[in-house]
Every structure is written in C-alpha cells, then in structure tokens.
Amino acid sequence: AQPVVDKHRLRYRESIMAADDALGRLLGELQRLGRLERALVIVTADHGENLGEATRWSHGFAVNDHLVHVPLIVRYPARFPPGLRITGQCQTIDLVPTVLRTCDRPVPPWVEGRPLLDGPREWALTEDDIMRGSMAYRTLTTPHWRLTRSLHDPSGGELYDLRNDPGIVGTGIETDS
C-alpha cells in the first residue's frame, strides 16, 4: 500500500512543481516587461487534497484542513507590503472585493465577501456540493470550532474543537439539532 501512497503523493508534488514553474515564468515575463511592480498577482487554489492523512483520499467527501486551508498569495507592493501575513480566516469569496479595493474601485453592495485588508473574519463558510445528489456539506469555521452538516441529514453533524484537534484528524463531537 505504501508504494501506491508514495506514487499519489509524488504526482501531486509534480503538479505543484509544474504550477510553480508556470508562475515563475509569468513573474519573469512581467519583470522583463517592466510591469511586475504594477501588477496585482493573486495565487490560490479552489481546494486542497487528502493524500492519505487520517485514511482520507481525494477531495469532496470531507471538510478538513487538507482541503480548505489552501495557499493564498497576493503580490502588489503598493498595498500589500512584502512579508505581510494575514493570519485570520478568509475565503475565496473575499478575492473580488480585495481586487476592486486594491484597484481603487468601489465594491458594489451586492458583492459578497470583504477585502482582505479589512481584517480577519469571525467565521468562514465552506460549501461543498461536489455530489449534490448524495453528499452536500456546509461547514462553519471559527478560530475555535468547526461544524459540518450534511444538507441531506440536517439532524446531525460533526463538531470539531480546533484548539484540541487543529488538523481535524479525530472523529469530532457528534451533534444533534
């Protein structure tokens, strides 16, 4: 079984390295054109991947940190000083208002999310509808707790204490409605 695990992890690492190489070429071309300092560059992912952690594989069947804690890198020296680290929660839904604000454009009231530089969120909502017919999850995460509920079984769910199980490798605390 370990050779299969190693093979999957190697393929995942190779895909990350290919993305890193492509990003390097993009940044190099922006530098060559003299536009890098004026370019807003955002790098993120839509989800992570379970690679055997806690016997989980792939994505879409659980909402743990391996899936929802993805890289988010913003490069725009005029607004995001090098080394700035936003340690609170954010969501991909925050990217549109962040881009608008960074480009000195108004954020329309109907746009969801909030600019990253407005400070951390108190909570984040993750919606996983990859298999809407049989599995659809909603997960609410605060700095201390994560609650995951199935839309098909709203009477229960999984509650995790992130201070005692930050990687969500346990089974959680069962909840009733």
Side-chain angles (χ1 to χ4, degrees), residues 1 4-5 8-9 11-13 15-16 19 41-75 79-80 83-102 106-177:
V4 173
V5 169
H8 285 288
R9 288 183 177 161
R11 284 186 181 159
Y12 191 72
R13 243 187 332 269
S15 69
I16 300 262
V41 178
I42 299 175
V43 178
T44 191
D46 60 339
H47 59 77
E49 196 74 19
N50 286 313
L51 296 171
E53 299 83 9
T55 69
R56 295 180 178 134
W57 287 96
S58 189
H59 59 270
F61 306 105
V63 184
N64 56 42
D65 273 0
H66 296 290
L67 298 180
V68 299
H69 191 184
V70 298
L72 174 58
I73 301 167
V74 178
R75 186 189 191 288
R79 297 279 172 94
F80 293 86
L84 174 66
R85 185 177 184 94
I86 298 173
T87 57
Q89 297 181 93
C90 61
Q91 296 182 233
T92 52
I93 200 168
D94 297 329
L95 293 178
V96 168
T98 297
V99 168
L100 291 171
R101 176 82 54 82
T102 301
V107 179
W110 48 265
V111 169
E112 296 183 52
R114 54 184 287 164
L116 292 173
L117 293 178
D118 282 3
R121 294 175 154 275
E122 292 181 37
W123 54 268
L125 177 65
T126 304
E127 299 176 284
D128 185 357
D129 292 343
I130 191 166
M131 298 180 70
R132 186 98 169 127
S134 61
M135 300 173 101
Y137 297 107
R138 297 293 181 269
T139 300
L140 185 67
T141 304
T142 71
H144 188 164
W145 299 101
R146 179 169 293 158
L147 174 64
T148 297
R149 299 186 88 174
S150 167
L151 294 182
H152 300 290
D153 182 16
S155 64
E158 295 177 340
L159 178 65
Y160 295 93
D161 180 342
L162 299 178
R163 291 183 184 152
N164 293 315
D165 187 8
I168 304 184
V169 293
T171 57
I173 305 163
E174 289 190 24
T175 63
D176 295 320
S177 46

*Between I42 and V99, is any pair of side-chain heavy atoms under 4.5 Å apart?*
yes
*Given side chains that start at C-beta, do those of T44 and L95 come closer than 4.5 Å, heavy atoms only?*
yes
*Hey, could you give me the OH/OG1 distance between Y160 and T139, rounded to the nearest 0.5 Å?*
9.0 Å
*Interatomic spacing from CZ in R138 to CG in L125 - rounded to 0.5 Å*: 7.0 Å
*Do the non-hydrogen side-chain atoms of W145 and L162 ever get within less than 4.5 Å of each other?*
no
*Are T98 and F80 close enough that some pair of their side-chain heavy atoms sits under 4.5 Å apart?*
yes
*Approximate separation, where rounding is to 0.5 Å, of L72 CG and D94 CG*: 9.0 Å
*Rounded to the nearest 0.5 Å, how far apart are CD of Q89 and CD of E122?*
10.0 Å
*Reported CD1-to-CG distance for the pair I86 and D118, which is rounded to 0.5 angstrom*: 9.5 Å
*asked:* Return the OG1 to CH2 distance between T142 and W123, rounded to the nearest 0.5 Å.
replied: 11.5 Å
*asked:* Measuring only between side-chain heavy atoms, which start at C-beta, is V107 closer than 4.5 Å to V96?
replied: no
*For H144 and D161, run side chain to side chain contact (heavy atoms under 4.5 Å, CB included): C-alpha distance rounded to whole Å, both residues' side-chain angles, the deciding distance at 0.1 Å, then the answer.*
CA-CA 6 Å; H144 188 164; D161 180 342; 3.0 Å; yes
_Note, L100 side chain near P108 side chain (heavy atom, < 4.5 Å)_ = yes
*Evaluate the side chain to side chain contact (heavy atoms under 4.5 Å, CB included) criterion for residues L147 and T141: first the C-alpha distance (whole Å), next the side-chain angles of each, then the deciding distance (0.1 Å), finally the verdict.*
CA-CA 6 Å; L147 174 64; T141 304; over 6 Å; no
*Nearest heavy atoms of P97 and G113, plus distance in Å*: CG-C, 3.6 Å
*Using only heavy-atom distances, determine whether the side chains of T102 and R79 contain a donor-acceptor pair under 3.5 Å.*
no
*Provide the closest heavy-atom pair for P120 versus G88 in the form atom of the first, atom of the second, distance.*
CB-CA, 3.6 Å
